[in-house]
Amino acid sequence: MCDCLFCQIAEGEIPAGKLFEDELCCAFYDIDPQAPTHFLVIPKAHIGSVSQVDGKKEAVVGHIFTVIARLTRELGLESYRVVSNIGEQAGQSVLHLHFHVLGGRDMTWPPG
Ligand code: AMP
Ligand code: ZN
């Protein structure tokens, strides 16, 4: 079994509040939500972070953004934030590419 948490969630080996899944990616609610709506979208195949995206992996990243547009539309979110933390200093705690989608409250800029 892979020891990556998000690979295990993608494979269904660890339960998560999934709101969408297809052959390339899945979306599930963050276990520690930072906004009224907070879910993560991940590729099913392991990619460490945005830093590891290359020409072979760009299609799945584009697909993830199509899924984000569809899910937020279905959830009625007109304004929201998409965030990906890369590396320790930026606060990445799970080393599998994921995009946070946060909405449902006022947000400040710059982020902390
Ligand atoms: P990051 O800190 O940017 O790497 O984001 C990782 C996110 O994964 C955090 O917001 C965590 O709350 C979330 N998380 C960790 N474990 C789980 C889990 N089992 N199910 C859902 N979300 C999780
Ligand atoms: Zn992984």
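Just so you know, ligand 1 is whichever comes first in the structure, and atom 1 is the first atom listed for that ligand.
Taking a cut-off of under 4.0 Å to the non-hydrogen atoms of Leu5, the atoms of ligand 1 that pass are 16 (N). Near Tyr29, with a cut-off below 4.0 Å to any heavy atom, the atoms of ligand 1 are 21 (C). Heavy-atom proximity to Asp32, at under 4.0 Å, picks out these atoms of ligand 1: 12 (O). Atoms of ligand 1 lying under 4.0 Å from any heavy atom of Gln92, numbered from 1 in the order shown and given with element: 4 (O). The ligand atoms of ligand 1 that sit less than 4.0 angstrom from a heavy atom of Phe6 are 8 (O). Counting the atoms of ligand 1 from 1 in the order shown, those under 4.0 Å from a heavy atom of Asn85 are 3 (O).
Taking the six-membered ring where the residue is Trp, the centroids of His98 and His100 are separated by under 6.0 Å. Annotation: Phe28 is in aromatic contact with Phe6 [ring centroid separation under 6.0 Å].
Both Leu24 and Ile47 belong to a common hydrophobic cluster when Ile, Leu, Val, Met, Phe, Trp and Tyr are linked at side-chain heavy-atom distances under 4.5 angstrom. Hydrophobic clustering (side-chain heavy atoms under 4.5 Å, transitive across Ile, Leu, Val, Met, Phe, Trp, Tyr) keeps Leu19 apart from Leu40. Residue Leu71 is grouped with residue Val61 when hydrophobic side chains (ILVMFWY) are merged at heavy-atom distances under 4.5 angstrom, including chains of intermediate members.
Side-chain atoms of Gln92 come within 3.5 Å of backbone N or O of Gly48 as a donor-acceptor pair. Checked by atom type and distance alone, the side chain of Lys57 pairs as donor or acceptor with a backbone atom of Gln52 at under 3.5 Å. Glu58 places no side-chain N or O within donor-acceptor distance of the main-chain N or O of Val53, the cut-off being under 3.5 Å. Checking side-chain atoms of Lys44 against main-chain N and O of Glu21 turns up no donor-acceptor pair under 3.5 Å.
With respect to atom 1 (P) of ligand 1, the closest heavy atom belonging to the protein is His98 NE2, 3.2 Å. Atom 22 (N) of ligand 1 has its closest protein heavy atom at Ile31 N, 3.1 Å. When hydrogens are left out, the protein atom nearest atom 10 (O) of ligand 1 is Asp30 OD2, 2.5 Å; that is the closest non-hydrogen contact. Summary of contacts: the protein heavy atom closest to atom 2 (O) of ligand 1 is Ser93 OG, 2.7 Å.
Nearest residue to atom 19 (N) of ligand 1 from Ile9, Leu102, Ile42, Leu97 is Ile9 (criterion: closest heavy atom).
For the Zn ion (ligand 2), the set of nearby N, O or S atoms under 2.8 Å includes none belonging to Cys2.
At a heavy-atom distance under 4.0 Å, only side-chain atoms of His100, from C-beta outward, approach ligand 1.
Within the 4.0 Å heavy-atom cutoff, Gly91 counts among the residues contacting ligand 1. Ligand 1 has Leu40 within reach: a non-hydrogen atom of the residue lies less than 4.0 Å from it.
Taking both residues in full, the closest heavy atoms of Val41 and Ala27 are given as CG2-CB, 4.0 Å, listed atom of the first, atom of the second, then distance. Contact record, Leu102 with Gln34: CD2-CB, 3.8 Å, taken as the closest heavy-atom pair.
The Zn ion (ligand 2) forms the vertex of an angle spanning ND1 of His46 and SG of Cys4; to the nearest 10 degrees it equals 110°.
In His96, the N, O or S atom that comes nearest to the Zn ion (ligand 2) is ND1.
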